[in-house]
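These notes are about the structure you will find just below.
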2 protein chains.
Amino acid sequence: MITGAVRTMASGRQRATNFELRHLRYFVALVEERNFERAALRLGIAQPGLSQQIFSLEAIVGLPLLDRSKRSVNLTPTGQALYEDATKIIAQADATLSLIRRVGRGEKGRITVGYVASASYSGILTEMLGSFRRSLPDIELQLFEMEMRQQLQRIKDGDIDFGYIRPPAPIPSDLETTTVLKEPLVVAMPAGHPLASRTAIKLLDLRDDVFITPRQPPDVGFHANTLSACGEAGFKPKLDLNGRDFTTIASMIAVGLGIALVPHSMNCFGLPGVRYVPLVDNEITTDLAVVYRKKEASPAVRAFITHHRDLSGQRRTKNRMHGKSLT
Amino acid sequence: MITGAVRTMASGRQRATNFELRHLRYFVALVEERNFERAALRLGIAQPGLSQQIFSLEAIVGLPLLDRSKRSVNLTPTGQALYEDATKIIAQADATLSLIRRVGRGEKGRITVGYVASASYSGILTEMLGSFRRSLPDIELQLFEMEMRQQLQRIKDGDIDFGYIRPPAPIPSDLETTTVLKEPLVVAMPAGHPLASRTAIKLLDLRDDVFITPRQPPDVGFHANTLSACGEAGFKPKLDLNGRDFTTIASMIAVGLGIALVPHSMNCFGLPGVRYVPLVDNEITTDLAVVYRKKEASPAVRAFITHHRDLSGQRRTKNRMHGKSLT
DNA sequence: TTTTTTCAGAAGCAAAAGTTATGATAACTG
DNA sequence: CAGTTATCATAACTTTTGCTTCTGAAAAAA
């Protein structure tokens, strides 16, 4: 039998509310202060309220947490076990709050980036991503090599956040592009080609050669670049659209299947039997651009966009000052 | 400017309540159902209440969690981040509840056990602890080799829960003891002692030898055992109380400083130059007992106590059946 | 378009948290 | 060993707030 006096709050059944962080916060304060009065003071409530909440917690747990044989705050083994976990749960809840506030400020998050294979040759991808990572190290970057048109679709769909492409391309109306690099085109030709030893070539001199381009629709990417460049030079090129990417195109050139217009930065790819020769037509260039959603919700991605706009703005200014020497 | 109608619930400042598990539970339900109506149903509340709580959560976080541009439940990146953590916090809270309920049922906990060094020789300590561990593997056992009197004090103080001792000892009134093993005493003597090659010795034959005993008060442990055994045999032994424990006593015997009465189980300690010879006085025995608090709060420790009482009861029954052959 | 679905707002109710006042008793203290 | 103090529990009451029902507005579907 229980002690004579009926303690309705203690022995009477407690209304069974839900387990809440409040219970844990109160319990932790009580354990740490080892005194209801002081704990209540620390919590900014009156002492009886704390008493009630502790009873409520005991009702939820279904076990006594305090040894009430003496007029002091002594934990039962159960209470001790709860205290150890309670601090952890509270800490985790606090950590979560501050984490998602950091997500809100764009200091934390995940960005998925697509890129065409040729984007990595110029080094600008590494440069852009590297400086971004240094400024916001807690943002996770995921990179996917991907065809241009696939990128556009998946950015639109929200599957990925960002893409590196080579214009021209049919940009959907809800996507935005920014050019981050403009580089001259050079001619990639077999080492045995009659013009391979020249220091520079006029594009028109290549009117009888076969131009290998990536397997793409005629209005997109390098295919389009090649067509328009030759068009400007005054001829319609013979085409072979069987290249998959620049590395296979380079191999095709090495075995003598044709020539190609490629970005200047391709010359890092020194396949034997392939020569890269500059064009005298200096204004023939190719762009590297980034694509992203116009209305971007994620603060992290917005920061990434801003970073790209800032850096490509800087680069353009610098290049203007140095007299546009893009080699 | 915001849309014409003033949305007090949405745009009006939300009373800033505390961050509670309720917010997380509601938010998780909403995210998983992707629909306020269904989520509210699952939570057993009406839909507007859920709406309000989600707004309240957004006010606490300080950031929008849902994209309200459309009439559908779409998470913002912040909301996504919160969802991932929210499930973790809820899971941890649930785990804590079930954990401490297990503590309450005595299936989980920590027990600290003290033991006198000689307790480990008989193998009963390993046996008792091993079988307990097999039956309740989630209870953590911590072992401390400790002098008997220190054990009694620390069990009383609540520093440790349980002790293995060798009676007799002054047991405080709030502690309880149970004998778990009764074993015969044997004589440990130098190999060169005149009686060392006997198969059994009468204790009285040793009345002129020096008995080495552990450095203890006269009413405690082996000191007391030796005194009472010799007293029963009819003589008052010459004593040397400089032994620290049985291993140093054995070394002292080996170099010829005296003899000692030791537990039969000590013969596992085969130091060169020491012989263990049985006594013909077969009723001369020593006990190994366990000590614990009479009023023990911890369910884990209570389970441990019960286990010891059960097992030593079994052993006694078995021994009676086998004719008390304690060798 | 019309209808349906779905989320938000207003007002009120009811439950639960919290308050003040007080009681009971363990723990000091002279 | 009283007498006092400290400390926790209880009762009764107030306030807060979570939740309800009813209703509105707008997007999505037909």
Side-chain angles (χ1 to χ4, degrees), chain A residues 2-27 29-31 33-60 64-75 79, chain B residues 2-27 29-31 33-60 64-75 79:
Chain A
I2 323 239
T3 45
V6 178
R7 297 183 166 173
T8 61
M9 197 186 279
S11 54
R13 63 229 143 283
Q14 192 74 14
R15 56 211 141 131
T17 59
N18 275 325
F19 188 36
E20 294 295 345
L21 289 177
R22 182 187 55 255
H23 295 117
L24 298 178
R25 284 191 275 257
Y26 285 14
F27 184 64
L30 176 61
V31 172
E33 297 290 342
R34 298 215 149 259
N35 178 303
F36 277 75
E37 198 73 42
R38 283 196 303 275
L41 192 71
R42 172 170 137 184
L43 292 165
I45 63 170
Q47 171 264 315
L50 178 58
S51 264
Q52 293 169 42
Q53 289 299 316
I54 298 298
F55 277 118
S56 163
L57 177 57
E58 287 180 313
I60 292 165
L65 301 170
L66 299 180
D67 174 12
R68 290 188 168 76
S69 63
K70 303 202 182 4
R71 290 261 136 183
S72 60
V73 178
N74 278 96
L75 291 179
Chain B
I2 323 240
T3 46
V6 178
R7 297 183 164 173
T8 60
M9 197 187 278
S11 53
R13 62 230 144 282
Q14 191 75 14
R15 56 211 141 132
T17 58
N18 276 324
F19 189 36
E20 293 294 348
L21 289 177
R22 182 186 56 257
H23 294 118
L24 298 178
R25 283 191 276 257
Y26 286 14
F27 183 64
L30 176 61
V31 172
E33 297 290 343
R34 297 216 149 257
N35 179 305
F36 278 74
E37 199 73 44
R38 283 196 303 275
L41 194 71
R42 173 170 137 185
L43 293 165
I45 63 170
Q47 170 265 315
L50 178 59
S51 264
Q52 291 169 38
Q53 289 299 315
I54 297 298
F55 277 118
S56 163
L57 177 57
E58 287 180 314
I60 292 165
L65 301 170
L66 298 180
D67 174 12
R68 290 188 168 74
S69 63
K70 302 199 182 10
R71 292 257 136 187
S72 61
V73 178
N74 280 96
L75 291 179

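Reminder, nothing fancy here: chain letters follow the sequence lines and each chain counts from 1.
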Would you please test A:I60 and A:H23 for side-chain contact (heavy atoms from CB on, under 4.5 Å) and show each step?
-> CA-CA 10 Å; A:I60 292 165; A:H23 295 117; 3.4 Å; yes

Salt bridge (charged side-chain N to carboxylate O under 4.0 Å, His left out) between A:E20 and B:R25: does it pass, once the steps are laid out?
-> CA-CA 10 Å; A:E20 294 295 345; B:R25 283 191 276 257; 2.9 Å; yes

Round to the nearest Å and state the distance from [X] atom [atom1] to [N] atom [atom2].
| X | N | atom1 | atom2 | value |
| --- | --- | --- | --- | --- |
| A:E58 | D:dC8 | CD | P | 13 Å |
| B:Q53 | C:dC7 | CD | P | 17 Å |
| A:R22 | D:dT16 | CZ | P | 16 Å |
| B:I54 | C:dA8 | CD1 | P | 9 Å |
| A:F27 | D:dC8 | CZ | P | 14 Å |
| B:L50 | D:dT21 | CG | C1' | 16 Å |
| A:E33 | D:dC8 | CD | P | 11 Å |
| A:F36 | C:dG23 | CZ | P | 21 Å |

Would you tell me if any nitrogen or oxygen in the side chain of [X] comes within less than 4.0 Å of OP1 or OP2 on [N]?
| X | N | result |
| --- | --- | --- |
| B:R68 | C:dC7 | no |
| B:S51 | C:dC7 | no |
| A:N35 | D:dC8 | yes |

Take B:L57 and B:Y26, measure what side-chain contact (heavy atoms from CB on, under 4.5 Å) needs, and give me the verdict at the end.
-> CA-CA 10 Å; B:L57 177 57; B:Y26 286 14; over 6 Å; no

Against the side chain of A:Q47, the closest entry in D:dG18, D:dA9, D:dT21 is D:dA9

Side-chain contact check for B:F55: nearest option of C:dA8, D:dG18, C:dT20 is C:dA8

Establish whether the base of C:dT19 is bridged to the side chain of A:Q52 by a donor-acceptor pair shorter than 3.5 Å.
-> yes

Within the modelled atom types, does a donor on one side and an acceptor on the other bring the side chain of A:E37 and the base of D:dA6 under 3.5 Å apart?
-> no

Where each residue is assigned the nucleotide of DNA chain C containing its nearest heavy atom, which of B:L66 and A:I45 is assigned the position nearer the 5′ end?
->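 Checking each residue's closest nucleotide, the 5'-ward one belongs to B:L66.
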
Could you pick out which residue, A:G49 or A:S69, lies toward the 5' side of DNA chain C when each is mapped onto its nearest nucleotide?
->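 Looking at DNA chain C, the more 5' nearest nucleotide goes with A:G49.
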
Between B:L65 and B:L75, is a side-chain contact (heavy atoms from CB on, under 4.5 Å) present by the stated rule, with each step listed?
-> CA-CA 6 Å; B:L65 301 170; B:L75 291 179; 5.5 Å; no

Between B:E58 (side chain) and B:L66 (backbone), is there a donor-acceptor pair under 3.5 Å?
->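 The answer is yes, because a donor-acceptor pair under 3.5 Å joins these two groups.
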
